[in-house]
Amino acid sequence: MVTMMKMLKRADILLIIILLFLSLLPLLFLPDSQTSAVYADITIDGQLWRRVPLSAHHGHETITARTPDGHYNTIEIDDDTIAVQDADCPDHICIQQGKAQKPGDIIVCLPHKLLIEVKGTSPDGTTAVLPAR
């Protein structure tokens, strides 16, 4: 009876080690998600308005995006982050979303049909598809 308990404990430990090894195995086959160039695509009404490189940006820049019907969003680029600083939309949700920096981050102003989407390019030149927060 005592030897059966020892055997069961050894088998449990062996099973745990095998399961840990198998759970870490996919890490060897997943692509490296490092991005070399991070940029933000600013689209208004579905059309690309401007592409802003974030990884190579230094300093502070403010740009104003105007919609075809005369509304505006003031966009602030501060080093490697981008945010909507001011807008004349009624809800100001785009301002409250804060700064975007990592690929997958998105800022949206629905009343103005403005979309700021942070993307990345991998070292081989392909667009990196990374999940949002």
Side-chain angles (χ1 to χ4, degrees):
M1 183 100 153
V2 176
T3 58
M4 189 170 150
M5 292 301 278
K6 281 187 176 183
M7 188 71 146
L8 186 62
K9 288 181 182 179
R10 285 185 192 157
D12 287 342
I13 293 172
L14 183 61
L15 180 65
I16 290 170
I17 291 172
I18 290 172
L19 289 176
L20 279 174
F21 175 74
L22 290 175
S23 68
L24 296 175
L25 195 60
L27 294 177
L28 299 173
F29 300 107
L30 290 176
D32 189 14
S33 64
Q34 295 295 322
T35 56
S36 61
V38 177
Y39 58 92
D41 279 346
I42 304 171
T43 57
I44 299 173
D45 201 15
Q47 302 294 319
L48 181 63
W49 179 70
R50 187 167 177 182
R51 178 169 283 172
V52 179
L54 295 178
S55 56
H57 190 274
H58 300 288
H60 183 81
E61 181 182 356
T62 303
I63 55 176
T64 301
R66 297 203 178 271
T67 62
D69 55 351
H71 295 288
Y72 73 90
N73 290 78
T74 304
I75 300 167
E76 180 182 79
I77 305 155
D78 194 14
D79 291 329
D80 61 347
T81 62
I82 189 166
V84 176
Q85 181 183 24
D86 188 28
D88 64 348
C89 57
D91 56 9
H92 293 111
I93 292 176
C94 53
I95 299 170
Q96 297 168 4
Q97 291 178 12
K99 296 182 176 184
Q101 180 179 19
K102 299 177 295 206
D105 288 349
I106 296 174
I107 300 173
V108 178
C109 182
L110 287 178
H112 296 166
K113 299 178 185 173
L114 174 90
L115 172 68
I116 301 172
E117 188 175 11
V118 180
K119 299 179 179 179
T121 305
S122 62
D124 62 359
T126 58
T127 302
V129 179
L130 298 175
R133 298 183 246 176

All heavy atoms of Cys89 vs all of Cys109, minimum pair found to be SG-SG, 3.8 Å
How long is the gap from OG1 on Thr62 to CG on Asp86, to the nearest 0.5 Å? 10.5 Å
Has the side chain of Asn73 got a donor or acceptor atom that lies under 3.5 Å from a matching backbone atom of Ala65? no
Note: Cys94 and Ile107 closest approach over all heavy atoms is O-CG2, 3.7 Å
Rounding to 0.5 Å, atoms CD1 (Ile106) and CD (Glu117) come to a distance of 5.0 Å
Option from Asp80, Thr81, Asp79 for which side chain to side chain donor-acceptor pair (under 3.5 Å) with Gln101 holds: Asp80
Among Ile17, Leu15, Ile16, which residue meets the side-chain contact (heavy atoms from CB on, under 4.5 Å) test with Ile13? Ile17
Is the shortest side-chain heavy-atom distance between Leu48 and Asp41 below 4.5 Å? yes
Taking Ile75 as the starting point, is it possible to reach Ile93 by hopping between hydrophobic residues whose side chains are less than 4.5 Å apart? no
Path from Tyr72 to Ile77 over hydrophobic side-chain contacts below 4.5 Å: no
How many angstroms lie between CG in Leu19 and CG in Leu24, if you round to the nearest 0.5 Å? 11.0 Å
Can you tell me how far apart CG (Leu115) and CG (Leu110) are? Round to the nearest 0.5 Å. 9.5 Å
Going hydrophobic residue to hydrophobic residue with side-chain gaps under 4.5 angstrom, can you get from Leu14 over to Phe21? yes
Step by step, would you call Lys99 with Asp78 a side-chain contact (heavy atoms from CB on, under 4.5 Å)? CA-CA 9 Å; Lys99 296 182 176 184; Asp78 194 14; 4.1 Å; yes
Check whether any side-chain heavy atom of Val52 lies under 4.5 Å from a side-chain heavy atom of Ile42, and answer yes or no. yes
Specify the closest pair of heavy atoms between Asp91 and Pro111, including all atoms of both residues, with the distance to one decimal. OD1-CG, 4.0 Å
Please report the closest heavy-atom contact between Ile44 and His112, naming both atoms and the distance. CG2-O, 4.2 Å
How close do Ile95 and Ala87 get, heavy atom to heavy atom, and via which atoms? CD1-N, 3.7 Å
Do the side chain of Ser55 and the main chain of Val38 share a donor and acceptor less than 3.5 angstrom apart? yes
Measure the spacing between NE2 of His71 and NZ of Lys113 and express it to the nearest 0.5 Å. 10.5 Å
Taking it one step at a time, do Ile82 and Leu54 satisfy side-chain contact (heavy atoms from CB on, under 4.5 Å)? CA-CA 8 Å; Ile82 189 166; Leu54 295 178; 4.2 Å; yes
